[in-house]
Engineer: 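Have a look at this one.
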Amino acid sequence: MQERIIRHFSLPGTLQRAERFGSGLINETYLCEIASDAGVRKYILQRINQHVFLHPKQVMANVETVTTHVQERLRRAGIPDPENTTPALLRTRDGKTYLVDGKGDYWRMFHFIESGEVFDTVQGEQHAFEIGRALGSFQELLSDLHPDQLHDTLPGFHYTGRYLDEFDQALRTDPKNRSREIMAEREFVYRRRSLATALTDHIATGEIPLRVVHNDPKVNNVMVHKGTGKAICMVDLDTVKPGIVHFDFGDCVRSAANPEGEDAPDLDAVRFDAGLYETIKAGYLETAGSFLTKREIELLPLSIQVITFELGIRFLADYLRGDTYFRIRYPGHNLHRARVQFKLLERMEESKK
Ligand code: GN1
Ligand code: MG
């Protein structure tokens, strides 16, 4: 199957191997090895999840705008081969950035960054610092791209109140008859409902500006150098669009200050590491400190609990709906994911972050 897709892209050589790659919960990703006279080279092939991304052409237009902008900035900064340090799209033989197959599926390819690797969980202090730094640099590289240049590919993506509404609706309709399994979680959500508007209210008042942000900067969307451990770039750019920096910062901390990770098998072991939080913040502000307003910086800590609450509700609602959004590996996976986020939120509350 991959062979037939890849043939349409402008690549020298033939496909030797294609295997599933990474641990993203939405798209389908393959690592492909292409052999030619020049040797074997690796590329990333991805199928866009059209259940999540209803307008894949707009997603691709955004990814092209963002990757081109970042490459241009890097070239101007004296980096001669940006495709080795930031995601770079390949083109099809007829010059497009994607291929639509006979079933209407959208496929795109990226250069593979050989020197990089990603981890599902934070590896320690240095890694945490680099994750924060990568996010700050990414936002800085895009700070001169006007948000109007991008489509809103996921309207309401980080409007926490919307997820609360969807959760309420899933509870009401309860299509899989699962609501009775989540009595404790319902109570947990009920007691924290006010968190849902804590951040978005500040957008409504115009206190904090819309910028171009990543929207999904969890640990495994940050690529680091295999040898030095230094951040190379942010990957997974489908959610890059206008938004506020807070959901980025919060998501980064939610993910990287939780050493047991999103899939922690033992709920009692889930913890929020306040030391890692400070380290991520220091890494982030090293570059982001140059363009954020005072008010934006003041509101950063608030984002951490809000986004953790948000993701917990998203997993829980998806469990109630019958796991239609996030890819699962076993029955009950989304319920467990929700429980991990809620445990993490409790730990944050205890540590007053
Ligand atoms: C999804 O695609 P991936 O796995 O990087 C999700 C994020 C969640 C994350 C939780 C488009 O990201 O919002 O925070 O899972 N992306 C989308 O792991 O919904
Ligand atoms: Mg990802």
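The basis for the numbers below is simple: all heavy atoms, side chains too, and nothing from hydrogens, waters or symmetry mates.
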Engineer: Might you confirm whether atom CZ of Arg4 has over 12 heavy atoms from other residues, nucleotides or ligands at distances under 6.0 Å?
Structural biologist: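 Counting neighbours around CZ of Arg4, 12 or fewer heavy atoms of other residues, nucleotides or ligands fall under 6.0 Å, so no.
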Engineer: Looking only at heavy atoms, what is the nearest atom pair of Ala170 and Arg321, with distance?
Structural biologist: CB-CG, 4.2 Å
Engineer: Cation-pi check, Arg192 to Phe188: give yes when NZ or CZ is under 6.0 Å from the six-membered ring centre and within 45° of the ring axis, no otherwise.
Structural biologist: yes
Engineer: Between Tyr30 and Phe21, is the ring centre distance below 6.0 Å?
Structural biologist: no
Engineer: More than 12 heavy atoms of other residues, nucleotides or ligands under 6.0 Å from CZ of Arg20: is that the case?
Structural biologist: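 Yes, because the 6.0 Å sphere around CZ of Arg20 holds more than 12 heavy atoms from other groups.
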Engineer: Any side-chain heavy atom of Ser115 within less than 4.5 Å of one from Lys226?
Structural biologist: no
Engineer: For Phe110 and Tyr43, I'd like to know if the aromatic rings sit close, meaning centre-to-centre distance below 6.0 Å.
Structural biologist: no
Engineer: Looking only at non-hydrogen atoms, find the nearest pair between Tyr319 and Asp323 and report the distance.
Structural biologist: CA-OD1, 3.7 Å
Engineer: For Arg41, does the CZ atom have more than 12 heavy-atom neighbours from other residues, nucleotides or ligands under 6.0 Å away?
Structural biologist: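 No - once you tally the heavy atoms of other residues, nucleotides and ligands closer than 6.0 Å, there are 12 at most.
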Engineer: Could you check, using the six-membered ring where one of them is a Trp, whether His333 and Tyr330 have ring centers closer than 6.0 angstrom?
Structural biologist: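 Yes; Tyr330 has its ring centre under 6.0 Å from that of His333.
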Engineer: When you compare the side chains of Gln139 and Asp248, does any donor N or O come within less than 3.5 Å of an acceptor on the partner?
Structural biologist: yes
Engineer: Establish, yes or no, whether a centroid distance under 6.0 Å links the rings of Tyr98 and Tyr106.
Structural biologist: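 Yes, the ring of Tyr98 comes within the 6.0 Å limit of the ring of Tyr106, centre to centre.
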Engineer: Quick check: does any side chain N or O of Asn221 sit under 3.5 Å from a backbone N or O of Asp236, one acting as donor and the other as acceptor?
Structural biologist: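 Such a contact is absent between Asn221 side chain and Asp236 backbone.
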Engineer: Looking at Arg17, I'd like to know if its CZ atom is crowded, meaning that more than 12 non-hydrogen atoms belonging to other residues, nucleotides or ligands lie closer than 6.0 Å.
Structural biologist: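 For Arg17, atom CZ is not crowded (no more than 12 foreign heavy atoms under 6.0 Å).
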Engineer: Do Arg93 and Phe9 form a cation-pi contact, if we require the NZ or CZ to be under 6.0 Å from the six-membered ring centre and within 45 degrees of the ring's axis?
Structural biologist: no
